[in-house]
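No hydrogens, no waters, no symmetry mates; every other heavy atom, side chains included, goes into these values.
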Amino acid sequence: MFPNSPNLGRPPFSPALLSQQQFINAHNFRNAILSGTILTGEVTPRPSLVWPFHNACPTYSPGLPNNHGRKRRSDERSSPYEVKRQRFQSPPSQPSGSSVPFLIDRRYSVPSPGISSLLPLTDYPQNTLQAARDKLSQQILDLFYNCQQQSIDLEKKDLCRTQIQREIQRIFPQTRLYLVGSSLNGFGTRYSDADLCLVLKEEPMNQRTEACHILSLVQQLFYRLSYIDRPQLIRAKVPIVKFRDKVSGVEFDLNVNNVVGIRNTFLLRSYAYTESRVRPLVLVVKKWARYHGINDASRGTLSSYSLVLMVLHYLQTLPEPVIPSLQKEHPECFEPTMQLQFVHRRGNNISPYLSLNSSNLGDLLMGFLRYYATEFDWSNSIISIREAKVIPKTNEMEWKNKYICVEEPFDRTNTARAVHEKCKFDMIKEEFVQSWRKLKDKRDLFSILPAAAATECRGR
């Protein structure tokens, strides 16, 4: 997931430009893969769990095995990935109790030691949570401990990413495969799906034509891999290949050259660890939204990414902010044109934010629901964490006649464009109103999120 430290001084990644024939001609690709002439060389050992690999052109034993119509030989089953087919055992979750310290368990909340030194720092004394002194805050804390992604969950995802990158590099040698989204940004849950971004070149790519062609080749390759189940090409604005890893059971979405997802992954990770209350609050909001059916962009409601931005915006705009705008305070760390190999490193320079806001998690959750239920002006406002404030809506195509406007902090598009039906918009607003009223009256998380739904940890 992170660059190998010996390679940090290497020149910027500059992939060789592949010809249009190499990108587009699926027929030639299929002939090549069946004849086993894609790439020759020696097998390289599996590197440690690092992100991404800048020695991005490993070599392989001659050709690809042709498995059509026969079982694999025993020597074909010995890939490093298939050795890992033991059952994964997860560490025990934090037990609930009447008084549990509000302290992140560092053993499980950060990736393995080989990665953790390159992540934003999390061990400052200021970055610990106060003890939960009320029922609602304790419930949020219990949910967070039970459902937060743990290091073994991340390792399973990265193990699959490592093997898939090797397979794809047989077709496109100068490529890197990045783990992005909630798996890496600090807001993932146990058993959450994972997002992958395949980078062929650090330049814009036509997603409707070139990216779809590349993904169709990747899909053909995935059909031949025994540990991948149900590869499906989804032709959306950003097309993806959906598939399931049979070994870990993790569902993946793979896109091509959607590099803004790499940048916002590390921006969100910096927010996740800059103030200790951010992660528990985001997790409970995502669980609440999913339970109420307003967290599914494919069905015309809010994506998890939009929900995270909405939470961050609320925390930025309180009379006494819980978090600042990191892009305004540390512009050098989040330059939109920064080369991808440096993106993960800049966030290490950001220290935890010392907020004067002492609100507990229960009050923050109630305030979040109240803000969007009664205070936020949906008709005229754009949510912007880049500016840490509301931006007036303009008549630009991106914002005009849109029900919900949430600014993507790098490319400044609308992350909530999936909400394009008034009935879905009205449903989202109504859930905020009803949940705020219930929570205000009872101050009980289970009044808006039943215990069974709160402890069920699937979803993004």
Side-chain angles (χ1 to χ4, degrees), residues 185 187 237-238 258-272 274-275 278 281-282 285-286 289 294-295 297 300-338 347 350 353 355 357 364 367-422 424-426 428-429 431-433 436:
N185 64 23
F187 300 123
K237 183 173 182 179
V238 176
N258 186 30
V259 296
V260 69
I262 300 171
R263 301 186 192 281
N264 65 47
T265 291
F266 284 95
L267 173 62
L268 262 57
R269 184 166 189 92
S270 297
Y271 276 114
T274 200
E275 219 288 336
V278 174
L281 185 62
V282 166
V285 167
K286 289 170 63 177
I294 60 171
N295 177 206
T301 57
L302 293 164
S303 66
S304 292
Y305 182 43
S306 293
L307 282 166
V308 174
L309 296 180
M310 290 170 69
V311 174
L312 298 179
H313 166 78
Y314 161 71
L315 295 175
Q316 289 174 330
T317 55
L318 288 166
E320 188 61 59
V322 174
I323 55 174
S325 166
L326 294 181
Q327 286 168 289
K328 292 179 73 172
E329 293 208 350
H330 304 277
E332 73 285 354
C333 296
F334 304 105
E335 298 171 6
T337 58
M338 186 189 304
I350 299 173
Y353 180 67
S355 173
N357 186 315
L364 290 176
F368 168 79
L369 295 173
R370 181 183 66 247
Y371 177 69
Y372 289 108
T374 66
E375 299 174 18
F376 185 75
D377 184 357
W378 299 95
S379 299
N380 301 302
S381 301
I382 300 173
I383 293 166
S384 173
I385 69 165
R386 176 180 57 87
E387 294 289 342
K389 65 181 183 181
V390 167
I391 297 177
K393 189 181 292 188
T394 68
N395 286 325
E396 296 179 18
M397 186 62 67
E398 194 68 35
W399 314 111
K400 187 177 181 180
N401 299 325
K402 301 300 190 297
Y403 292 109
I404 300 179
C405 296
V406 182
E407 181 193 60
E408 209 293 323
F410 287 102
D411 65 19
R412 305 189 188 181
T413 57
N414 183 11
T415 70
R417 58 183 173 268
V419 186
H420 57 82
E421 298 178 44
K422 188 176 186 304
K424 297 296 179 64
F425 172 57
D426 291 339
I428 292 170
K429 289 196 302 181
E431 290 299 342
F432 275 100
V433 171
W436 169 61

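For the atom pair OH of Y353 and CD1 of I323, the computed distance is 9.5 Å after rounding to the nearest 0.5 Å. To the nearest 0.5 Å, atom CD of residue E421 and atom OG1 of residue T301 are 10.5 Å apart. The CD1 atom of I383 sits 10.5 Å away from atom CG of L312, with the distance rounded to the nearest 0.5 Å. Atoms CZ and OG1, on R269 and T274 in that order, are 12.5 Å from each other to the nearest 0.5 Å. Expressed to the nearest 0.5 Å, how far CH2 of W378 lies from CD1 of I404 amounts to 4.5 Å. Y305 OH to T265 OG1: the interatomic distance, rounded to the nearest 0.5 Å, is 8.0 Å.
Checking side-chain atoms of R417 against main-chain N and O of V406 turns up no donor-acceptor pair under 3.5 Å. At least one donor-acceptor pair under 3.5 Å links the side chain of S355 to the backbone N or O of P321. When atom types are taken as modelled, the side chain of E407 and the backbone of R412 share no donor-acceptor pair closer than 3.5 angstrom. With hydrogens and angles disregarded, no donor-acceptor distance shorter than 3.5 Å links the side chain of K389 to the backbone of H313. Between the side chain of Q327 and the backbone N or O of P409, at least one donor-acceptor pair lies under 3.5 Å. A donor-acceptor distance shorter than 3.5 angstrom exists from the side chain of E398 to the backbone of N414, with no hydrogens or angles considered. At least one donor-acceptor pair closer than 3.5 Å links the side chain of E408 to the backbone N or O of D411. Side chain of N185 to backbone of S270: no donor-acceptor contact under 3.5 angstrom is found. Although no hydrogens or angles enter the test, the distance criterion places no donor-acceptor pair under 3.5 Å between the side chain of K400 and the main chain of K393. When atom types are taken as modelled, the side chain of R263 and the backbone of F410 share no donor-acceptor pair closer than 3.5 angstrom.
Under the rule for a side-chain hydrogen bond (donor to acceptor under 3.5 Å, both in side chains), E396 has no partner lying at least two apart in sequence or in another chain.
Looking at V322 and L281, their side chains never come closer than 4.5 Å, going by heavy atoms from C-beta outward. Put simply, the side chain of I428 does not reach to within 4.5 Å of the side chain of D426, judged on heavy atoms. Looking at I294 and L307, their side chains never come closer than 4.5 Å, going by heavy atoms from C-beta outward. In this structure the side chain of E387 reaches within 4.5 angstrom of the side chain of K328, judged on heavy atoms. Here the side chains of L326 and I350 are in contact, with some heavy-atom distance below 4.5 Å. Between I385 and Y271, some side-chain heavy-atom pair lies under the 4.5 Å cut-off.
Taking the centre of each ring, Y371 and W436 stay at or above the 6.0 Å mark. Here the two rings, on F425 and H420, have centers that are 6.0 Å apart or farther. F432 and F368 have their aromatic ring centers within a separation under 6.0 angstrom.
For the 3.5 Å distance criterion, the side chains of E431 and Y372 fail to qualify, holding no donor opposite an acceptor. N295 and S304 form a side-chain donor-acceptor contact under 3.5 Å, judged by distance and modelled atom types alone.
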